[in-house]
Structures are given as structure tokens and as C-alpha cells.
Amino acid sequence: MRKALVLLCGSVLMLAQFCIAGTAENEDSGRTKRDARTLRVTTILQEPYTMEKNSALEGYCIDLMKELSKKLDLKYTVHLVKDGFYGKQDAQGNWNGMIGEVVRSEADLAVASLTITAMREKAVELTKPFMQTGIGIILRKDIVSSESHFFEFLNPFSKETWIGILIAYLMTSVCLFIVARLSPCEWSEPQTEGNRFTLLHSFWYAAGALTLQGAGPQPKALSVRVISVIWWLFTVVLLASYIASFSSMRNSDSAKLSIETFEDLAKQDIIEYGTIRDSSTFSFFKNSNHPTYRMIYEHMQRRHSLVSSVEEGIRKAQGGSFAFIGESMSLDLAVARYCSLTRVPEVIGMRGYAVATALGSPLVKNLSVAILQLTESGELEYLREKWWATTCVSKEGGSSGPLNPHCLGGIFFILAGGLALGVLLALVELAVKSKTSAEEQKKSCCSVFSEELSCRFRNSSSKKDRDVPEKSKA
């Protein structure tokens, strides 16, 4: 009897162990199938987050999803949201757009420039933000006055032009010094008399002409006078261009508005402004109790100045007297693409973009950790620099701005020709004198010419050597 009971208990234990093992195997198999399934990712077309190119999708969010899949070993497919919306709740509590697809289990993830809001947080799970943004303003540069700074008097010329003027001044001064030593008409007796055009005096003479003040002594030789006249012409054109450009800039700025903050925008009534209809930016102004933001919301409602998309807002801003209010990251992209636009310095309502998953999804924790890892490794910053690179395509013209070297290229070319002509005339004058001296001394013209050159450029050092013993004797 005991033996039968022992056999029966052993059989029951073996059967139970077999059932448990089978159940565990089924659970592992089911978990593997769930983990290996392909995730459905919904997104929306918006440059540069998601764009179509040759029937394929590319952009910041597409690259972000690739990096996340590498971190978490995910398989996924991407499709565009059917209704073209980010996600808004209607009066019955139903969601549209990407949020709606995630809520209805039509998509597992929503990866786009999806702003974190309290309403969305209640409907779906949101990861840690992969990008920080805020609310800003863009408008045409020629509508607002530029910010004044301490060295504003340098604005009429570009940096390259100022560098060119400095080089021209140095070259002209050096040429005056060289030509005044070469020309026998300017310096007839290098052995007995000093040269009036020393290097320091040449710099002083050129600086005096640059300020229209003049500096003596005046040149006697034709070669030095040619350089002087060309330099005077250069300075007159340069000063006339500077005064005209500076006056144009000041007159242009005085006719422009000064918009540095949202309060400046709200207090003026010359420029129209608006944002995207039913967007998170619109909700920010609608729900705000701040007096300035309420004033902006009421103005947009009263004037019906809302737009349907970012692209429409940017087009209206490019067109003229319209300020587009939107998320700063999208506005920075517009400024990088179009040189005619500028963004107002103030940014309000800082918030983040996140990936959305269904409530209770186990993916949200792993996705948040992966996003933090990508942030710490610099991958997200690299993606931002890649897709927000400046390609500034300007089609606007006629605005008053700094004069570039090509605008004054003609006068620089004339100056270079005048300097070359002056040096050539000085060499001709010295060659004529050398030929005359060679005939009188019955020497070779070339030897006399080389002696003259040696004497004229070594005179200053030899003169110093002679002055030393004279001082010691005294």
C-alpha cells in the first residue's frame, strides 16, 4: 500500500513539473514574439523633422528613430499620420492626429516635433524630451531696426572692406617711402642730405590725406606726386561712400520698428501677427493669464490672423508686414534657410519635444533611457547641427547694408595701378640720371644704376654710423 502511494505521489509530481515547464516555455515564446514584433511608428511631414525624398522619408525624426532602434534593437515601420494633425482633443474627448492613432492602437509610437502638454500627458505616455524649444517670433529684417552696439560706426563697411582699406593704407605708405628714395628728383643728393620722406613721415602723410587734412612737406618728384594724387582720389571716394552708407543706415533704422520682446509686438499696430490655428502655441496664449499674452491672443482672434501651417506662416512673414509666432526650433530653421528673416531675441514658454506611446506601454522607460544616452553622447546635438545647417538662400535685394569689397573694387584697382605707375616712374627717373652719370664718368650704366640703388637704400644706416663718431668727438 505504501509503495503504491509513493508511486502515485511521484507520478503527480512529475506531471506537475512537466506542466510548469510547458507553461514557462509558452510564456517565453509569447514574450519573444511580442518583443520581436514590428512597431508601427506614426509621424507628420514637417521640415526638417520628417520630409519626403524620392518616395522615402528622411529628416531629424527619421534619424532619431534609427538611433533609438540601434540602442533598443527594435524593428519598426514608419507611416504618415492620416489626417495630418499632431493631436487635439475634441468636445467629446476624442483625439485626432498622431495622438489619436496611438490612443486607438493604430500606431505604437508617435515620433515628431510633438510638444509635451498636460492634456497629451493624460492621454498617452511621453518620454523624456529629445529637444527643448520655446515660443518665438520671426519677421523680415527690413521691418525691425538692428540692435545698436558700441562700434556701430564700423557698420557702413564690411569686415573684409575694412581689412582691404588697412592693406591699401600700408601699401601706399610703403610705396611713398620707396619711391621718394628712388626718385632723384625727390632726393637728389643721398650722400649729403637726408630724405624728407622717412617711413614714419610716409605713414603720417598717408593718414593726413585719409582724413582730408593734409601733411607736409609736399612731394616734388612726378612719381611721388602720381601716388599722392591717386591716394587722394581713393580717400575722397572712400569717405563719400562711408558717409552715404552711414546716412542710409541711420535713416533706414529711424523708419523701422524696435521689436525685441512680445510686449513690443503687442503694443504696436503696424505689423500684423499670428500663429498656427489650434496648435500648442495657440493654446499657450489662449490659456495664459499674463496681460501681454492675453492681448496677443485677443488680437489674433479679432483680426483672424491665424495660419494653417508653419510653411504658410513663414511665407506671410517673408511677404511683408507680418510677424509669425511659432516654436523657436522651427523658426531657427526658417532663419537658417532665408536670409531676409530674423528671429526676435525673446523666447517664452520653454517646453520639450517627446516620443509618445500608449498608456502603460513598457517601451516608454527604455526609450527615455535611450534618449538620455543619446543626449549625453552628443548624438542629438550632431543631428541638430546636421538638419539645421545654414543654407541662407536670399532673393531679396536693395536693402542698405555694409559695403563689400566688390562694391569698391574699382577704386582699389585704380589705386593699385597708380602705385605701380609711381614705382615705374621712379625707376625711369633713376635710370635717366644713372645714364647721364655713366656718360660723364665713362662707366657702365648698369653699374652706376646699382650703385645709386645701393647708396639710396643704405644711406640711412651709413648716416647713423657717421653720426656716432661725430657725437663722441663732441
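Only heavy atoms go into these numbers, but all of them, side chains included; no hydrogens, no water, no symmetry mates. Since the structure is predicted, the reported quantities are computational estimates derived from the model, not experimental observations.
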Quiz item: Below 4.5 Å, heavy atoms only, C-beta onward: do R384 and M329 meet side chain to side chain?
Solution: yes
Quiz item: Donor-acceptor pair, T342 side chain versus K141 backbone, under 3.5 Å?
Solution: no
Quiz item: Can a donor-acceptor pair be found between the side chains of S202 and S173 at a distance below 3.5 Å?
Solution: no
Quiz item: Going through the distances and angles, do L415 and M171 end up as a side-chain contact (heavy atoms from CB on, under 4.5 Å)?
Solution: CA-CA 10 Å; L415 177 64; M171 289 184 62; over 6 Å; no
Quiz prompt | Residue F85 excluded, over 12 heavy atoms near CZ under 6.0 Å | solution = no
Quiz item: If you measure from CZ on F324 to CG on L331, what distance do you get to the nearest 0.5 Å?
Solution: 6.0 Å
Practice problem: Start with the C-alpha gap between D63 and K386, add the side-chain angles, then the distance that decides, and say whether side-chain contact (heavy atoms from CB on, under 4.5 Å) holds. | Solution: CA-CA 10 Å; D63 287 352; K386 172 185 176 181; 2.9 Å; yes
Quiz item: Would you find a donor on one side and an acceptor on the other, under 3.5 Å apart, between the side chain of S245 and the backbone of Y242?
Solution: no
Practice problem: Please answer whether the main-chain N or O of M51 pairs with a side-chain N or O of E58 as donor and acceptor at a distance below 3.5 Å. | Solution: no
Quiz item: What is the minimum heavy-atom distance between F234 and A168, and which atoms define it?
Solution: CZ-CB, 4.1 Å
Quiz item: How far apart are the closest heavy atoms of L380 and I371, and which atoms are they?
Solution: CD1-O, 4.0 Å
Quiz item: Counting only N and O atoms by type, is there a donor-acceptor contact under 3.5 Å from the side chain of S328 to the main-chain atoms of G134?
Solution: yes
Quiz prompt | Working for side-chain contact (heavy atoms from CB on, under 4.5 Å), residues T261 and V344 | solution = CA-CA 7 Å; T261 63; V344 170; 5.8 Å; no
Self-check item: Any Q268 side-chain heavy atom under 4.5 Å of D264 side chain
Solution: no
Quiz item: Taking all atoms of both residues into account, what is the closest heavy-atom pair of I116 and T127, and its distance?
Solution: CD1-O, 4.2 Å
Quiz item: Do you know the tightest heavy-atom contact between A334 and I138?
Solution: CB-CD1, 4.1 Å
Quiz item: Hey, is the main chain of V111 close enough, under 3.5 Å, to the side chain of T43 for a donor-acceptor pair?
Solution: yes
Self-check item: SB check R337 E47 (cutoff 4.0 Å)
Solution: yes
Quiz prompt | W204, CH2: over 12 other non-hydrogen atoms inside 6.0 angstrom | solution = no
Quiz item: Rounded to the nearest 0.5 Å, how far does CE of M300 lie from CD of E298?
Solution: 10.0 Å
Practice problem: For side-chain contact (heavy atoms from CB on, under 4.5 Å), just list the numbers for L45 and L80, CA-CA rounded to whole Å, side-chain angles, deciding distance to a tenth of an Å, and then say yes or no. | Solution: CA-CA 7 Å; L45 289 177; L80 297 176; 3.9 Å; yes
Quiz item: What heavy-atom pair brings E429 and A221 nearest, and what distance separates the two atoms?
Solution: OE1-CB, 4.1 Å
Quiz item: When Y60 is tested against each of W388, W387, Y353 for ring-ring contact (aromatic ring centres under 6.0 Å, His included), which residue passes?
Solution: W388
Exercise. First locate atom CD1 of I44, then atom CG of D83, and finally report the distance between them rounded to the nearest 0.5 Å.
Key: 8.0 Å
Quiz item: Relative to the ring of W231, is the ring of Y169 parallel (under 30°), tilted (30 to 60°) or perpendicular (over 60°)?
Solution: tilted
Self-check item: Inter-residue atom distance S321.OG - Y273.OH, 0.5 Å rounding
Solution: 14.0 Å
Quiz item: Can you tell if the side chain of F157 reaches within under 4.5 Å of the side chain of L408, non-hydrogen atoms only?
Solution: yes
Quiz item: Quick check: are there more than 12 heavy atoms from other residues, nucleotides or ligands sitting under 6.0 Å from NZ of K433?
Solution: yes
Quiz item: Testing C185, S223, S183 for side-chain contact (heavy atoms from CB on, under 4.5 Å) with L425, which one passes?
Solution: S223
Exercise. Verify the distance criterion only: is there a donor paired with an acceptor across the side chains of E327 and T115 at less than 3.5 Å?
Key: yes
Practice problem: Determine the sole option in T117, V124, T42 for which the side-chain contact (heavy atoms from CB on, under 4.5 Å) test with I99 is passed. | Solution: V124
Quiz item: What orientation do Y205 and H201 show, parallel under 30°, tilted 30 to 60°, or perpendicular over 60°?
Solution: tilted
Quiz prompt | R343 (side chain) donor-acceptor with I137 (main chain) under 3.5 angstrom | solution = no
Quiz prompt | CZ-CD distance between R225 and Q218, expressed to the nearest 0.5 angstrom | solution = 9.0 Å
Exercise. Using a 4.5 Å cut-off on heavy atoms from C-beta on, say whether the side chain of L238 contacts that of L210.
Key: yes
Quiz prompt | Note, I135 side chain near T275 side chain (heavy atom, < 4.5 Å) | solution = no
Quiz item: Are side-chain heavy atoms of I271 and I259 found at a separation under 4.5 Å?
Solution: yes
Quiz prompt | F203 side, atom CZ; T198 side, atom OG1 - distance, nearest 0.5 Å | solution = 10.0 Å
Quiz item: For M350, does its backbone N or O pair with a side-chain atom of Q132 as donor and acceptor, under 3.5 Å?
Solution: no
Quiz item: Under 4.5 Å between any side-chain heavy atoms of Q301 and K286, yes or no?
Solution: no
Quiz item: Is the gap between the ring centers of Y297 and F282 under 6.0 Å?
Solution: yes
Exercise. Can you see which heavy atom on N96 is nearest to which on K88, and at what distance?
Key: OD1-N, 2.6 Å
Self-check item: Main-chain N/O of W232 paired with T235 side-chain donor or acceptor, under 3.5 Å
Solution: yes
Quiz item: With side chains defined as the heavy atoms from C-beta onward, is the minimum distance between S279 and Y86 less than 4.5 Å?
Solution: no
